Participant: 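Let me give you the structure first, and then I'll get to my questions.
All chains are named by letter (A, B, ...) in the order of the sequence lines, taking the proteins before the strands, and each is independently numbered beginning at 1. All of these numbers come straight from a predicted model, not from anything done at the bench.
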Protein chains: 2
Amino acid sequence: MSTTAPARHGPETRHRILDAAEALFMEHGLDATSLRMITTQAAVNLAAVNYHFGSKENLIQEVFQRRLVDLNRNRLAALDKVEREATGGRVKPSKVLEAFFGPALELACDTEHGGRTFMQLLGRTYTDPNAFVRKFLAEEYAEVLERFLGALYQSLPGVPHEEILWRFHFMMGATSYAIAGTDALQLFAGKFDDADPSRLLPRLMSFLLGGLRAPLADFGEVPDASLSDGEGAKAA
Amino acid sequence: MSTTAPARHGPETRHRILDAAEALFMEHGLDATSLRMITTQAAVNLAAVNYHFGSKENLIQEVFQRRLVDLNRNRLAALDKVEREATGGRVKPSKVLEAFFGPALELACDTEHGGRTFMQLLGRTYTDPNAFVRKFLAEEYAEVLERFLGALYQSLPGVPHEEILWRFHFMMGATSYAIAGTDALQLFAGKFDDADPSRLLPRLMSFLLGGLRAPLADFGEVPDASLSDGEGAKAA
DNA sequence: TTTTAATTCAAACGATCGTTTGAATTCTAC
DNA sequence: GTAGAATTCAAACGATCGTTTGAATTAAAA
């Protein structure tokens, strides 16, 4: 008994609130989810939220940070690995994309521990108009975005940075929708035979690489080599 | 005077409410926008909303329908034109995409009559978890989606329909984010030198075509011709 | 002008929201 | 066991929400 953790209620209550909030935020949205819905599902007292988190806004922030810290750390670690193993200091664009979108899709495949739920929530939160949500999401992504954009710039020499920026924006959009919209958007309802996220990765990666390597629009002829990395689009 | 419309208050009040609602829904989201905010900005009485629209839900629905009816009619007309002018009954995939995404981006360029505001609102509403919003959006898109998917199937013979479905999903995601996220998402804040929507169309079209024509992921070698339409990606 | 319908208006309704309070309870330390 | 901090709890707070009401005002019809 002396080795087991003391039966303090605090941490356990916090976790139950975070889990319930995550699921309900995903199901109904941030605004439409009340603290009473959360505390009821978590089987804790209503006042527990303000006791442990201070406010609903802080709770929202912790729901996202809990997962985003790990996700972005995995992304940076994957980028480190890619750059370390780069032949001749030249990193393939496809490897950079895999380092960024791979960990996200991997988390989206985890249906056991709520990873899928969270990624669906995150995808739709990117466009949340709430000022405070946008602010802390921007802060959470600042470092990762800076590193990956720099890596893409280096891996695509000669391509204007602004074009890369736009295409990375497009890719984040396609990915977010692919994850968040699978069953959230009913437009394609009944059309997808398998919404299995594990089959999503190769499909999406192929699409993203095709988009990244597409000829530039407004500019003159650009050598294909500068937009290609010599590898087929059969992503991992 | 006899030729001018009678100075009835009704229609004018309706329009002012719809315009104010559209702008505020875009700025704060559907839930976070109260009827009091709307009627204050529209300079009409609070009860006018329930008098003219019945409920907030009906108001939301009319805000979207007012623009979507025209947008989707333009899309279908563009597809009709493309199919009519097709050489040998064979429609190029790029033409189908232009018929779908062109009118949307065109509307997104209209900053004078709120078209841009509406398209930003629409883009983020695609992932709204509200059940009733999803339902009427799905109804509004059902016919258009059916026609364009059929056109894509015909224009890409040999490509599994499920793959086309996924890629169309990816394309809608990239487009929605490109429009809705330009200044909604602060992740790229200060990085875009020009967020001019008119320059967005060629950029986006090139990206989408590149993604659509990318080699399939899980399947064996597919002849390039089946994914290409012989035209460069320098979209209109 | 008189009648009648359409529209606007100030005021209030009940419900729900996030948050706070202060006492009751549980755990930790001495 | 006792003191003291940590946590839980039922209850209430003020604010805001969408909606309704019924009278006042305006427009159209007679």
Side-chain angles (χ1 to χ4, degrees), chain A residues 1-25 27-64 128-133 136, chain B residues 1-25 27-64 128-133 136:
Chain A
M1 285 224 193
S2 60
T3 59
T4 64
R8 292 187 34 232
H9 292 178
E12 186 183 343
T13 301
R14 277 181 61 96
H15 286 146
R16 282 223 302 277
I17 292 176
L18 286 171
D19 289 342
E22 183 177 75
L24 289 169
F25 286 155
E27 190 176 351
H28 303 101
L30 302 182
D31 283 351
T33 300
S34 70
L35 295 186
R36 285 166 178 82
M37 294 164 65
I38 295 172
T39 53
T40 297
Q41 174 148 329
V44 301
N45 187 270
L46 167 63
V49 170
N50 284 278
Y51 176 79
H52 286 280
F53 298 93
S55 67
K56 184 182 180 180
E57 282 200 348
N58 285 344
L59 170 63
I60 294 175
Q61 189 162 343
E62 291 216 29
V63 165
F64 282 90
D128 196 296
N130 186 305
F132 122 87
V133 169
F136 85 75
Chain B
M1 286 218 193
S2 60
T3 59
T4 64
R8 291 183 39 228
H9 293 179
E12 186 183 342
T13 301
R14 277 182 61 96
H15 287 146
R16 281 224 302 277
I17 292 176
L18 287 171
D19 289 341
E22 183 179 75
L24 288 169
F25 286 156
E27 190 176 350
H28 303 101
L30 302 183
D31 284 350
T33 300
S34 70
L35 296 186
R36 285 167 178 83
M37 295 166 64
I38 295 172
T39 54
T40 297
Q41 173 147 329
V44 301
N45 187 270
L46 168 63
V49 170
N50 284 277
Y51 177 78
H52 286 282
F53 299 94
S55 67
K56 182 182 181 180
E57 282 199 349
N58 285 345
L59 170 63
I60 294 175
Q61 189 162 345
E62 291 217 31
V63 165
F64 283 91
D128 195 294
N130 185 306
F132 123 88
V133 170
F136 85 74

Participant: Could you check which of C/dA12, D/dT8, C/dC9 has an atom nearest any side-chain atom of A/His52?
Facilitator: D/dT8

Participant: Look up atom CG in A/Leu30 and atom CD1 in A/Ile60, then write down how far apart they are to the nearest 0.5 Å.
Facilitator: 4.5 Å

Participant: Locate the shortest heavy-atom distance separating A/Arg14 from A/His52; write the atom from each residue and the value.
Facilitator: NH1-O, 3.2 Å

Participant: Please report the distance, rounded to the nearest Å, between CZ in B/Arg16 and P in C/dT7.
Facilitator: 14 Å

Participant: In this structure, how many angstroms lie between the P atom of D/dT21 and the CG atom of B/Leu46, rounded?
Facilitator: 14 Å

Participant: In whole angstroms, how far is the C1' atom of C/dG18 from the CG atom of A/Asn45?
Facilitator: 14 Å

Participant: With sugar-phosphate meaning primed atoms plus P, OP1 and OP2, does A/Thr33 contact a base, only sugar-phosphate, or nothing at under 4.0 Å between heavy atoms?
Facilitator: sugar-phosphate

Participant: Figure out the CG/P separation between A/Asn130 and C/dG18, and round it to whole Å.
Facilitator: 13 Å

Participant: Less than 4.0 angstrom between a side-chain N/O of A/Thr13 and OP1 or OP2 of D/dT8, yes or no?
Facilitator: yes

Participant: Closest to the A/Arg36 side chain: C/dA12, D/dA12, C/dC9?
Facilitator: D/dA12

Participant: Without decimals, in angstroms, what is the distance between B/Leu24 CG and D/dG18 P?
Facilitator: 12 Å

Participant: Got B/Asn50 and B/Leu59 here, is their nearest side-chain heavy-atom distance under 4.5 Å?
Facilitator: no

Participant: Report the distance from atom CG of A/Leu18 to atom OG1 of A/Thr13, rounding to the nearest 0.5 Å.
Facilitator: 11.0 Å

Participant: Could you tell me whether the phosphate oxygens of C/dG18, OP1 or OP2, come under 4.0 Å of any side-chain nitrogen or oxygen in A/Asn50?
Facilitator: no

Participant: Find the distance A/Ile38:CD1 to C/dT16:C1' and express it as a whole number of Å.
Facilitator: 15 Å

Participant: Considering non-hydrogen atoms only, spot the tightest contact between A/Phe132 and A/Asn130 and give its length.
Facilitator: N-OD1, 2.9 Å

Participant: Could you report the tightest heavy-atom contact between A/Phe25 and A/Lys56, atom names first, then the distance?
Facilitator: CE2-CE, 4.5 Å

Participant: Tell me the interatomic distance from A/Ile17, atom CD1, to C/dG18, atom C1', rounded to whole angstroms.
Facilitator: 14 Å

Participant: What stems, by residue range, does DNA chain C take part in, given at least 3 consecutive Watson-Crick or G-U pairs under 3.5 Å?
Facilitator: C:4-27 with D:4-27

Participant: What parts of residues 53-63 of chain B reach DNA chain C, counting only heavy atoms under 4.0 Å away?
Facilitator: none

Participant: CG of A/Asn58 to CZ of A/Phe53: how many Å apart, nearest 0.5 Å?
Facilitator: 9.5 Å

Participant: Closest approach to the side chain of A/Tyr51, judged atom by atom: which nucleotide of D/dC9, C/dC17, D/dT8 is it?
Facilitator: D/dT8

Participant: Output the rounded distance in Å from CD (A/Glu12) to C1' (D/dT8).
Facilitator: 13 Å

Participant: If you look only at distance, which donor and acceptor atoms sit under 3.5 Å apart when one is on a side chain in residues 36-48 of chain B and the other is two or more places apart or in another chain?
Facilitator:
{"residue": "B/Thr39", "atom": "OG1", "partner": "B/Leu35", "partner atom": "O", "Å": "3.0"}
{"residue": "B/Thr39", "atom": "OG1", "partner": "B/Arg36", "partner atom": "O", "Å": "3.3"}
{"residue": "B/Thr40", "atom": "OG1", "partner": "B/Arg36", "partner atom": "O", "Å": "2.7"}
{"residue": "B/Asn45", "atom": "OD1", "partner": "B/Ala47", "partner atom": "N", "Å": "2.9"}

Participant: Given that A/Ala47 and A/Met37 both sit by DNA chain C, which one's nearest nucleotide is further toward the 5' end?
Facilitator: A/Met37

Participant: Does A/Ser34 have a side-chain nitrogen or oxygen under 4.0 Å from the phosphate oxygens OP1 or OP2 of C/dC17?
Facilitator: yes

